[in-house]
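Okay, so here's the structure we're looking at.
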Amino acid sequence: MSKAILKTEQEITLMRESGRLLAQVFKMLDDFICEGMTTLEIDTKVEDYIRNELNARPASKGQYDYKFSLNSSINDVVCHGVPSETVKINAKDIINLDITLEKDGFISDSSKMYTFSNTSVDAKRLVKTTYDAMWKGINVVKPGARLGDVGYAIQKHAEQAGYSVVREYCGHGIGREMHEAPQVLHYGRPNTGLVLEAGMTFTIEPMINQGTHKIKTKKDGWTVVTKDKKLSAQWEHTILVTQTGFEVLTLRHEESPIN
């Protein structure tokens, strides 16, 4: 991968707007998503909202020949779950919705977990621990910190709770392209890896499994599941390294800037 691209003030302004709009998509979904709904219905709603309400573009559609506007990953699906007209949300489920949005040439990327009326206590614990692990990593971000520090903070929190961190997928630089340098691992050793600089923009998106970190890809070539069929959870934000710390560009309405 090439060197991380430092964004100019003008580019950061455009990325803030892309992130702000993506946060609005999740706010819409908070009132829309419900049990019994198919994942394809969610995808259709998201694409319509991004295009017609926000006057933006769902950046995932067409990327790597992907046909949909989001990934919908339920229960043991780690990532890249494909929307379907036959897969319906059950009261016991957990689901990750991973969405990208492009506005005025710049892309934002974020994902959120949803739980339902009969989601188990154990499943909710995994979801919360994964969210907290993401924030452990985010809170490390500042100029002079290193990517190994970010990964270590995430890994330590997840493993102390008895979970494992998926190794094969990672966060990534983002801007004009969905995937830029650097790669942001969600495990690592302190004081190793790339030194962070103001103007870097990247995602932090840990995938945390209830059981082993081992995964496999299904025959559709997209859907990644846990090898032991236990649950997996993921949260994601797009982050800017500022002069003094970080800014969460995709911060949602219910979230605090610092957790």
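Small disclaimer: the values here were computed from a predicted structure and weren't measured.
Looking only at atom types and distance, the side chain of Lys124 has no donor-acceptor partner in the side chain of Thr115 under 3.5 Å away. Counted by atom type alone, Glu35 and Ser117 present one or more donor-acceptor pairs between their side chains at under 3.5 Å. For Thr212 and Asp228, the side-chain atoms include no donor-acceptor pair closer than 3.5 Å. In this model, no donor atom of one side chain and acceptor atom of the other lie less than 3.5 Å apart for Asp109 and Thr100. Using a 3.5 Å distance cut-off with no hydrogens or angles, the side chains of Tyr163 and Arg125 do pair a donor with an acceptor. Remark: the Glu205 side chain and the His172 side chain contain an N/O donor-acceptor pair separated by less than 3.5 Å.
For Thr201 (side chain) and Ile174 (main-chain N/O), a donor-acceptor pair under 3.5 Å exists by modelled atom type. A donor-acceptor pair under 3.5 Å is formed between the side chain of Trp235 and the backbone N or O of Val127. At distances below 3.5 Å, at least one donor-acceptor pair connects side-chain atoms of Asp149 with backbone N or O atoms of Asn191. Of the possible polar contacts, one joining the Gln155 side chain to the Gly188 backbone as a donor-acceptor pair under 3.5 Å is found. For the pair Arg167 (side chain) and Val165 (backbone), a donor-acceptor distance under 3.5 Å is present. Ser110 places a side-chain N or O within 3.5 Å of a backbone atom of Glu236 that can act as its donor or acceptor partner. A donor-acceptor pair under 3.5 Å links the side-chain atoms of Thr119 to the main chain of Asp93, judged by distance alone. For the pair Arg146 (side chain) and Gly193 (backbone), a donor-acceptor distance under 3.5 Å is present.
The shortest non-hydrogen separation linking Val78 to Gln234 is O-OE1, 4.1 Å. Of all heavy-atom pairs spanning Leu54 and Gln24, the tightest one is CD2-NE2, 3.4 Å. When all heavy atoms are compared, the tightest approach of Ala158 to Ile208 is CB-CD1, 3.8 Å. Residues Val195 and Met200 approach most closely at O-CE, 3.6 Å, considering heavy atoms. What you find for Thr244 and Pro143 is that their closest heavy atoms are C-CD, 4.2 Å. Shortest non-hydrogen contact noted between Trp135 and Val248 is CH2-CG2, 3.7 Å.
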| request: Show your reasoning for whether side-chain contact (heavy atoms from CB on, under 4.5 Å) applies to Thr39 and Ile95. | output: CA-CA 10 Å; Thr39 53; Ile95 184 171; 4.1 Å; yes
| request: Apply side-chain contact (heavy atoms from CB on, under 4.5 Å) to Lys92 and Asn75, showing your working. | output: CA-CA 9 Å; Lys92 295 181 180 179; Asn75 296 335; over 6 Å; no
| Stepwise side-chain contact (heavy atoms from CB on, under 4.5 Å) test for Leu29 and Ile99 | CA-CA 11 Å; Leu29 282 172; Ile99 306 170; 3.7 Å; yes
| request: I would like to know whether Leu40 and Phe68 meet side-chain contact (heavy atoms from CB on, under 4.5 Å); could you show each step before the answer? | output: CA-CA 9 Å; Leu40 185 60; Phe68 302 94; 3.7 Å; yes
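With Phe246 as the partner, the side-chain contact (heavy atoms from CB on, under 4.5 Å) test is satisfied by one option alone out of Val141, Val140, Leu196, Ile204: Val141. When Ile89, Ile94, Asn90 are each tested for a side-chain contact (heavy atoms from CB on, under 4.5 Å) with Phe116, only one passes: Ile89. Of the residues listed (Asp30, Asp98, Asn96), the one engaging Lys112 in a side-chain hydrogen bond (donor to acceptor under 3.5 Å, both in side chains) is Asp30, and it is the only one. For the side-chain contact (heavy atoms from CB on, under 4.5 Å) with Asp43, the lone residue among Pro58, Ser69, Ser72 that qualifies is Ser69. With Leu97 as reference, Ile33 is the one residue of Val25, Ile33, Val46 to meet the side-chain contact (heavy atoms from CB on, under 4.5 Å) rule.
A 4.5 Å side-chain heavy-atom check between Leu14 and Lys103 finds every atom pair outside the cut-off. A 4.5 Å side-chain heavy-atom check between Glu255 and His237 finds at least one atom pair inside the cut-off. Between Leu147 and Leu185 the shortest side-chain heavy-atom distance does not fall below 4.5 Å. The side-chain heavy atoms of Lys156 and Lys136, taken from C-beta on, include no pair separated by under 4.5 Å. A 4.5 Å side-chain heavy-atom check between Ile215 and Lys227 finds every atom pair outside the cut-off.
Between Tyr64 and His179, the ring planes are parallel. Angles under 30° get that label, and only those over 60° would be called perpendicular.
Heavy-atom contacts from other residues, nucleotides or ligands closer than 6.0 Å to CD of Glu177 number 12 or fewer. The local environment of CG in Asp220 is crowded, with over 12 non-hydrogen atoms from other residues, nucleotides or ligands closer than 6.0 Å. More than 12 non-hydrogen atoms from other residues, nucleotides or ligands lie less than 6.0 angstrom from CZ of Phe106. Counting heavy atoms of neighbouring residues, nucleotides and ligands inside a 6.0 Å radius, atom CD of Gln63 exceeds 12 of them. The neighbour count for Glu254 CD, taken as heavy atoms of other residues, nucleotides or ligands under 6.0 Å away, is above 12. Summarising the local packing, NZ of Lys142 is surrounded by 12 or fewer heavy atoms from other residues, nucleotides or ligands at distances under 6.0 Å. The number of heavy atoms from other shown groups lying within 6.0 Å of CZ (Arg189) does not exceed 12.
Shown here are the side chain to side chain donor-acceptor pair (under 3.5 Å) partners of Asp65, two or more places apart in sequence or in another chain: there are none.
Interatomic distance, Glu11 CD to Leu6 CG, rounded to the nearest 0.5 Å: 10.0 Å.
Aromatic ring centres of Tyr187 and His213 lie farther apart than the 6.0 Å criterion allows.
Look at Glu180 and Lys7 and you find a salt bridge, because one of the NZ, NE, NH1 or NH2 atoms lies within 4.0 Å of a carboxylate O, short of that distance.
With hydrophobic clusters built from ILVMFWY side chains whose heavy atoms lie under 4.5 angstrom apart, Leu21 shares a cluster with Tyr49. Hydrophobic clustering of Ile, Leu, Val, Met, Phe, Trp and Tyr side chains at less than 4.5 Å, counting indirect connections, keeps Val241 apart from Leu249. Cluster membership check: Phe32 shares its hydrophobic cluster with Phe26, using side-chain heavy-atom separations under 4.5 Å among Ile, Leu, Val, Met, Phe, Trp and Tyr.
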